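Following: one structure in structure tokens, then a few remarks.
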Amino acid sequence: MKKDFIFKNVDFLKGIGKQLSKYLKKKKIEKIKDIVLNLPYSETDRSKIINLNELEIGKIQTIKVFVKKLNFPRIKNLPNKIICEDEVGQIEIVYFNSREGYLRKLFPKNSWLIISGKVGYFNKKYQMTNPDYVTSLEKQEYVLKNIPKYNLTKGINEKKYRSISERVINNLPEIEDWLDEDFIKKHKLENWNNSIKKLHTSNEGKNNTSQSFRRLVFDELCANFFILSENRKKIKKIKLQKRFTEKYSKIVKNKLPFSLTSSQKKVLMEINKDLSKKQRMFRIIQGDVGSGKTIVSLLVICNIIESGYQCALMAPTEILATQHFNLAKKVFKGLNFKIDFLSGKTEIKNRKKTLKSLKDGNTNLIIGTHALFQKKIVFKKLGLIIIDEQHKFGVKQRIELAKKGGDNCDVLLMSATPIPRTMMMSLYGDMDISKIDQKPSNRKSIITLSKPEKKINEILPYIKKQIANQNQIFWVCPLIDESSFLDYSSAKNKFDFINNKFPNQVGLIHGNLDNEQKEIILKKFLKKEISILVSTTVIEVGIDFPNANLIIIENANKFGLAQLHQLRGRVGRGQKQGTCILLFKEGLSKNAIKRIKILKESDDGFFIAEEDLKLRGFGDIIGFQQSGIKNFKFADPVIHKDLFDLAENYVKINQDKLNQNKYGFLLKLFDKAEVINFE
Ligand code: ADP
Ligand code: MG
């Protein structure tokens, strides 16, 4: 068997036809290696032979019986039955659709057989309908063992899949291990060939701390780190240096109503240094909500424009992009920059004008949504791409992005999604990281309270008082995604309730409104024509309303800690004290109480993310799953923390030896090969 057998499509295997491969594809099993990596989640113990007086209904059991009588009724729809016994009891083996000839062969009269299947009971008799295994005593080893169980989708017969998987595992070509024996021993891993066998045939596959499982985790992480390191090499190529004197950014800085925090200054310096280097910048700013990333990016933009390049600033939502656009116009007033806006909803006429202006190089700064990255859009001289709040960008997209920008284009990402330390390198190891770890000094920390939803009426007087004091309020209802119809209606219900209490002072915003409608409401809120904004989490990302000082979050259990922290960051951005009230359905669980306590005690997004991780485990962090950050099949940053470090180090030491011969197999195994064009 050749080494690359495992990278062939599944239909290369005997017994897998079109239909089955279609179902397997649904389960993301397309290549033979996907069968190898599809580990059993459990196993059925068929190893023990049960006497017929020890049968348990509903259980899968294995019996050794004597075939006494075969019963083939001539009446349609009645099942065929084989009466079997042992020394202490009797059982009927029942078949509904099997042919007589087949059954006579399978059950030779007066012979002893091993049968394994689910025990049933009917008409006061024990039965086994369509047993999973029927074999002669000579072949009993085939049945008398732990048989792995795989997670499958509809349309895939478990037994069939198991036999295919078994065949694949038994016929795997011996792979020359890319890890040294000493290394494997030292770190209590397993060699590759053994680990795959064990993962499928012993309980090591179910145990994510077993040596074999850890070996797979280590491989997965290595593949990931190799790609990041390769990506970095690719992107950080030679570019033309950007030359600037900071003359525009100085003007802007002097006009600001505040001075930059030392953290902002530090990050700005790191970026400016990158811009003037001969290597492309590939950097991410990590900074908690409200740490002031936007202004940093605007100051960077000044330098890009001064050096004669164009700049693109992209935000994930229309609202946020618009906000940036308005802010940029304000901040750059008098500087004679040509700033344009582009989103999917830009009218054709304006769009054409903008595209032309970009192509001719008249536009200095374009701000917009994903629409900025359409093929049709051509820049004359793009010098920097900035992406705000874009934690959904995976490695592949980052490469695309860098390509789009051209050879002289620097790349800057900004993210307020606090990422636990363990994850940081495995996600952004290809980028340089700048951290804004300080908040503007005028920022008061937010008071966080919690209340059962039943007592919602108790907070109404408080809201009244806030409104009387000219303050504004966010009222957040949970949602799954921006366009979820269900949540739209729940926000709408809430709107009716609150509007009833505070007539003419409430607005409603949700993902189902079009941009114009959203704009109208947000403008109303910004102009203080309404005091309360009921919303879904469309307000979560980046929006800045300095006058809002109270946020009420309904069904707060639905959100992760990190997400609650993000939402909370929407208030208290101006001079006023901010307050966050978390409403809960029913009595609080212990866990919920702990989580509130953390939110109350800390205002540090990174600390909160770490705590969230500890409290809920990685798999449960909704925010992460939604953001696409959970990109590992086997590795878990809580359970395998040590392996994250080990793999990172291993790759650092071995990255120069990254070649097809040694690591090509590993990268292909985890679908990473095409990222760096290993074929
Ligand atoms: P984020 O990092 O969440 O994107 P923003 O850039 O939106 O934060 O900034 C939040 C608010 O803080 C804005 O109103 C901004 O004008 C203000 N801000 C930014 N930097 C400072 C600073 N150094 N001092 C005071 N306020 C600041
Ligand atoms: Mg922001």
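Keep in mind the model is a prediction, meaning the values are calculated, not measured. Just so you know, ligand 1 is whichever comes first in the structure, and atom 1 is the first atom listed for that ligand.
- At a heavy-atom distance under 4.0 Å, only backbone atoms of Leu260 (N, CA, C or O) approach ligand 1.
- Of the N or O atoms in Gly292, one or more lie within a sub-3.5 Å distance of an N or O in ligand 1.
- Some N or O of Gly290 is nearer than 3.5 Å to an N or O of ligand 1, by distance alone.
- Atoms of ligand 1 found under 4.0 Å from any heavy atom of Thr261, numbered from 1 in the order shown, are 23 (N).
- Residue contacts with ligand 1 for Ser259 involve N, CA, C or O but no side-chain atom from C-beta outward (heavy atoms, distance under 4.0 Å).
- Residues passing the salt bridge (charged side-chain N to carboxylate O under 4.0 Å, His left out) test with Lys597 are Glu601, sequence neighbours excluded.
- Below 4.0 Å from some heavy atom of Thr294 lie the following atoms of ligand 1, by number and element: 4 (O), 5 (P), 6 (O), 7 (O).
- Of all the listed residues (Gln438, His324, Lys293), Lys293 holds the heavy atom that lies closest to atom 1 (P) of ligand 1.
- The residue Met414 has no part lying near ligand 1, judged by heavy-atom distances below 4.0 Å.
- A side-chain donor-acceptor contact under 3.5 Å links Asn408 to the backbone of Leu240.
- Under 4.0 angstrom from ligand 1, the non-hydrogen atoms of Asp288 all belong to its backbone.
- Between the side chains of Gln466 and Asn549, at least one donor-acceptor pair of N or O atoms lies under 3.5 Å.
- For the pairing with Lys451, the side-chain contact (heavy atoms from CB on, under 4.5 Å) check across Ile552, Ile459, Leu582 returns one residue only, Ile459.
- At least one heavy atom of Ser291 sits closer than 4.0 Å to an atom of ligand 1.
- By the 6.0 Å and 45° rule, Lys236 does not stack over the aromatic ring of Phe282.
- Stacking of Lys435 on the aromatic ring of Phe606 is recorded, both the 6.0 Å distance cut-off and the 45° axial limit being met.
- Remark: Tyr248 engages Phe337 in a ring-ring contact (aromatic ring centres under 6.0 Å, His included) (not counting sequence neighbours).
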